[in-house]
Amino acid sequence: MFNYVSWRAFMTFAVVKDILAGKFAVGDTLVVRGWVRTRRDSKAGISFINVHDGSCFDAVQVVAPNTLPNYEAEIQKLTTGCSVAVTGSVVASAGQGQDFELQVSHLEVLGWVEDPDTYPMAPKRHSMEYLREFAHLRPRTNVAGAVTRVRHCLAQAVHRFFHERGFYWISTPIITTSDAEGAGELFRVSTLDLMNLPKNQDGSVNFKEDFFGKEAFLTVSGQLNVETYACALSNVYTFGPTFRAENSNTSRHLAEFWMIEPEVAFADLDDVAKLAEDMLKYVFKAVLEERADDMSFFAERIHKDAITRLQQVVENDFVHMDYTDAVEILKNCDKTFEYPVEWGTDLQSEHERYLAEEHVGAPIILKNYPRDIKAFYMRQNSDGKTVAAMDVLTPGIGEIIGGSAREERLDLLDRRLAEMNLPKEEYSWYRDLRRYGTVPHAGFGLGFERLVAYVTGMQNIRDVIPFPRSPNNADF
RNA sequence: UCCCCAGUAGCUCAGUUGGUUAGAGCGGUGGACUGUUAAUCCAUGUGUCGUUGGUUCGAAUCCAACCUGGGGAGCCA
């Protein structure tokens, strides 16, 4: 009787993906390790066990004959979730559904499921809400596994896309002492004793005693920081976690999410709109090519158009539209909206949905929004009332990208800061970029989880990140 | 934070003009059958009916508050 742990140095280990892809010759003996998905016994004297290891969507079928010494004592007791190391030879499958399978010569149980009745991941359909309560076990499900592989594929494709175009990845800080980024509520970072706060004479908290000697927060955006590198290395991007302490309870918001923010020197709004379009097409194509197995699953079980709509996006030019024109379209369409459309107000979700889902039926780029509803740093257009801002709206998810040309003219930037009552001193280093060798530049922010949700067709953003954080929920 | 909906078996849900012993499918378990493949067939167990309080002779069912989840809105990525 040999033992998996002591013999592992002499074995050929294989992942399920390679076995199913035919990378081994029939007759090769190898070891596959993974978790049992299902077991079916045949009175012909064999058991069929599906073993998955995460390397691809499908599990490998291992065929265990009843001549194995532990057949009755162990193999027939295997249940969903058990971990196993299976030694066997590759054979052409006699059954349908797979080309190759493993004829077992030795099967070692590494870990039992102590009570199959209580194992939460039963081999049956579960709701996403239920699976969310088991964030530590849901990775073993088909759907979480598929999401994980697609998410990884997208992340790799994003890095590859930028690398191929000469962009540098900049790690912008996660902790910031600027509370004036203007993009939402911030999480405080502090080492002060909450029960015994140091106070100033006027009763306010004395943050000079805090770790950084001043108030500190988790970042809500790397943009302001990454602009400094764009104004030196020309083409840069961030890809990292972002935090918003907003009390948002929706299927498309997280308190902790990942964001990709390219920033391009010497670029205008149309340049980055093109960049956004090229990037989305590039990563969609990568997923279609590299994760066909997982995408088939999404098309079959999650969203029937999951594959076809990506193909359509890849093959067609994005529709570009000015905010002003969009307002006219919304005013003149025969659809009745709950909220009226007026030039100068922000578009409501229902308006964005109509444009992306009904008017175009594909992602749409909206550009040149009214100045008064947008952030201080956005470049003012010569019409005196709009800024060079854009949103990329997708059917189902809504906004997945928000971007703009940045105001590079110091006098115009200062005027906006004053109009919006933002303290100039807080932006001294940001203003320095405009004082010393300023250049036109532009960029955008892409919500990574929203991208994953759009690609997979998953309806809730909490199911496309391993451990979602949202108001009142930070378990695991 | 606001509006709407839901909470009954391990899971998904049915069950309300208030009435005795609470129902199905799936999963689990036992068996039959079978190169099976989310197999099929037979058998089988399981319930503080979200919590607290109220109305009532009597509450899963009606009322109130709270908790949790979902959908929508706002904020945005």
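No hydrogens, no waters, no symmetry mates; every other heavy atom, side chains included, goes into these values. Chain identifiers are assigned alphabetically (A, B, ...) following the order of the sequence lines, protein sequences preceding nucleic acid strands; residue numbering begins at 1 within each chain. The shown structure was predicted, so the numbers you read here are calculated from the model rather than taken from an experiment.
Going from atom NE2 of His126(A) over to atom P of A38(B) covers 16 Å, rounded to whole Å. When the P atom of U12(B) is taken as reference, atom CE of Met128(A) falls 12 Å away, rounded to whole Å. A straight line from CZ of Phe134(A) to P of G10(B) spans 12 Å, rounded to a whole angstrom. Put simply, CZ on Arg244(A) is 13 Å from P on C75(B), counting in whole angstrom units. Taking atom CD of Gln223(A) as the reference point, atom C1' of A77(B) lies 12 Å away to the nearest angstrom. Per the geometry, CE belonging to Met259(A) stands 13 Å off P belonging to C76(B), to the nearest Å. Nucleotide A77(B) holds its P atom 12 Å from the CG atom of Leu393(A), rounded to whole Å. Look at CD on Glu185(A): it is 12 Å from C1' on C76(B), rounded to the nearest Å.
Nearest-nucleotide mapping onto RNA chain B: of Glu101(A) and Ile401(A), the residue sitting toward the 5' end is Glu101(A). Along RNA chain B, the nucleotide closest to Thr38(A) and the one closest to Asp346(A) are compared, and the more 5′ of them pairs with Thr38(A).
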In 5'-to-3' order, the base (B), backbone-only (S) or no-contact (-) status of each nucleotide in nucleotides 66-74 of chain B, using a 4.0 angstrom heavy-atom cut-off, is --SSSSSBB

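Here the separation of C2(B) from C62(B), taken at their C1' atoms, is 27 Å to the nearest Å. When the P atom is used for both G25(B) and A43(B), the distance is 10 Å, rounded to whole Å. Of the C1' atoms belonging to C13(B) and G7(B), the separation is 12 Å, rounded to the nearest Å. Straight-line distance between the P atoms of C41(B) and C26(B): roughly 8 Å, to the nearest whole Å. G50(B) and A59(B) have their C1' atoms separated by 16 Å, given to the nearest Å. For the P atoms, the distance from A14(B) to U8(B) is 10 Å, rounded to whole Å. Taking atom P on both nucleotides, U51(B) is separated from C67(B) by 15 Å, rounded to a whole Å. Comparing the P positions of G10(B) and C57(B) gives an interatomic distance of 35 Å, to the nearest angstrom.
Nucleic acid contact for Gly402(A): sugar-phosphate only, since backbone atoms but no base atoms lie under 4.0 Å from a heavy atom of the residue. Nucleic acid contact for Tyr130(A): sugar-phosphate only, since backbone atoms but no base atoms lie under 4.0 Å from a heavy atom of the residue.
Atom CD1 of residue Ile397(A) and atom CD of residue Glu449(A) lie 11.5 Å apart, to the nearest 0.5 angstrom. Between the CE atom in Met259(A) and the OG1 atom in Thr238(A) there is a gap of 6.5 Å [rounded to 0.5 Å].
For the pair Lys77(A) and Trp112(A), the NZ or CZ position fails the cation-pi test of under 6.0 Å to the six-membered ring centre and within 45 degrees of the ring normal. Remark: Lys374(A) is positioned above the aromatic ring of Tyr369(A), its terminal NZ or CZ atom under 6.0 angstrom from the ring centre and at most 45 degrees off the axis.
Among residues two or more places apart in sequence or in another chain, the ring-ring contact (aromatic ring centres under 6.0 Å, His included) test is passed with Phe284(A) by Tyr454(A).
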Cut-off 3.5 Å, no hydrogens considered: what does the side-chain donor-acceptor table look like for residues 292-301 of chain A, sequence neighbours left out?
unit_1	atom_1	unit_2	atom_2	d
Asp293(A)	OD1	Arg291(A)	NH2	3.2
Asp293(A)	OD2	Phe57(A)	N	3.0
Asp293(A)	OD2	Arg291(A)	NH2	3.2
Asp294(A)	OD1	Arg149(A)	NE	3.2
Asp294(A)	OD1	Arg149(A)	NH2	2.9
Asp294(A)	OD2	Arg149(A)	NE	3.0
Asp294(A)	OD2	Arg291(A)	NE	2.6
Ser296(A)	OG	Ala292(A)	O	2.8

Which pairs of donor and acceptor atoms, one on a side chain in residues 469-476 of chain A, lie under 3.5 Å apart (sequence neighbours left out)?
unit_1	atom_1	unit_2	atom_2	d
Arg469(A)	NH1	Asp475(A)	O	2.9
Arg469(A)	NH2	Phe476(A)	O	2.9

Its dot-bracket string being built from Watson-Crick and G-U pairs below 3.5 Å, with | for another strand and [ ] for crossing, RNA chain B has the pattern (((((((..((((.....[...)))).(((((.......))))).....(((((..]....))))))))))))....

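Ring centroid separation for the pair Phe162(A) and Phe239(A) does not come in under the 6.0 Å cut-off. Between Phe134(A) and His126(A), the ring centre distance reaches or exceeds 6.0 Å. Ring centers of Phe243(A) and Phe217(A): at least 6.0 Å apart, outside the cut-off.
Remark: side-chain polar atoms of Arg132(A) are not paired, donor with acceptor, to backbone N or O of Arg462(A) under 3.5 angstrom. A donor-acceptor pair is defined here as one N or O able to donate and one able to accept, closer than 3.5 Å; no such pair exists between the side chain of Arg39(A) and the backbone of Asn50(A).
For A38(B), the base has no donor-acceptor partner in the side chain of Arg37(A) [N/O atoms by modelled type, under 3.5 angstrom].
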Give every pair of a protein N or O atom and an N or O atom of nucleotides 26-33 of chain B that lie under 3.5 Å apart, one pair per line with the distance.
unit_1	atom_1	unit_2	atom_2	d
C26(B)	O2	Lys124(A)	NZ	3.3
G27(B)	N2	Asp117(A)	OD1	3.1

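Counting only heavy atoms from C-beta outward, the side chains of Tyr119(A) and Arg140(A) approach each other to under 4.5 Å.
Between Phe257(A) and A77(B), a base-stacking contact is recorded: ring centres under 5.5 Å apart, planes less than 30° from parallel.
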